[in-house]
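Heavy atoms only: backbone and side chains are in, while hydrogens, waters and symmetry mates are out.
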Amino acid sequence: MTEIGVLEAIHTARALRRFKPDPVPEAVITQILDAAIRAPSAGNSQSWSFVVVRDETQRRRLGDVYRKASDIAREMYAARGRPAHLDDEQFQRMMSSGAYLWSTWPPPR
């Protein structure tokens, strides 16, 4: 993996909502969690809790919870209206982007 500077990482980071259905190797999960515990925490409390869910039934149940939370968030953002810095197309894309996480379950293989 090519290393990049912290400012480049901050300025080029983007949200990822479309994932491959391939299983994630244990070594990669360990590497990601190891990086996550190094993130700043309020009061340096380090009170993280991570859950790695591999079971498809459990992922479906979590998807149901996510769908309910998404409906609430969608209503909240819709009530606020389109922010001035977004055009109509960008706003609609933002409003629908997270729905992919639960609307296409199970993911294509």
Least distance between heavy atoms, [X] atom then [Y] atom:
X	Y	answer
Glu8	Ile4	OE1-CB, 3.7 Å
Tyr77	Phe91	O-CZ, 4.1 Å
Phe50	Ala36	CZ-CB, 3.6 Å

Say you draw a straight line from [atom1] of [X] to [atom2] of [Y]; how long is it, rounded to the nearest 0.5 Å?
X	Y	atom1	atom2	value
Leu62	Thr57	CG	OG1	11.0 Å
Arg74	Met94	CZ	CE	9.0 Å
Leu86	Met95	CG	CE	11.0 Å
Arg54	Glu26	CZ	CD	4.5 Å
Trp48	Arg38	CH2	CZ	8.5 Å

query = Should Asp64 and Arg67 count as an ion pair when the cut-off is N to O under 4.0 Å?
reply = yes

query = So if you build clusters from Ile, Leu, Val, Met, Phe, Trp, Tyr with side-chain heavy-atom gaps below 4.5 Å, do Ile29 and Val53 land together?
reply = no

query = Can you tell me if Arg61 and Gln58 form a side-chain donor-acceptor pair at under 3.5 Å?
reply = yes

inquiry  = With a 4.5 Å cut-off on side-chain heavy atoms, are Arg82 and Asp88 touching?
reply    = yes

task = Would you indicate whether the side-chain heavy atoms of Val52 and Val24 approach each other to under 4.5 Å?
result = no

query = Hey, does the side chain of Gln90 reach the backbone of Asp87 with a donor-acceptor pair shorter than 3.5 angstrom?
reply = yes

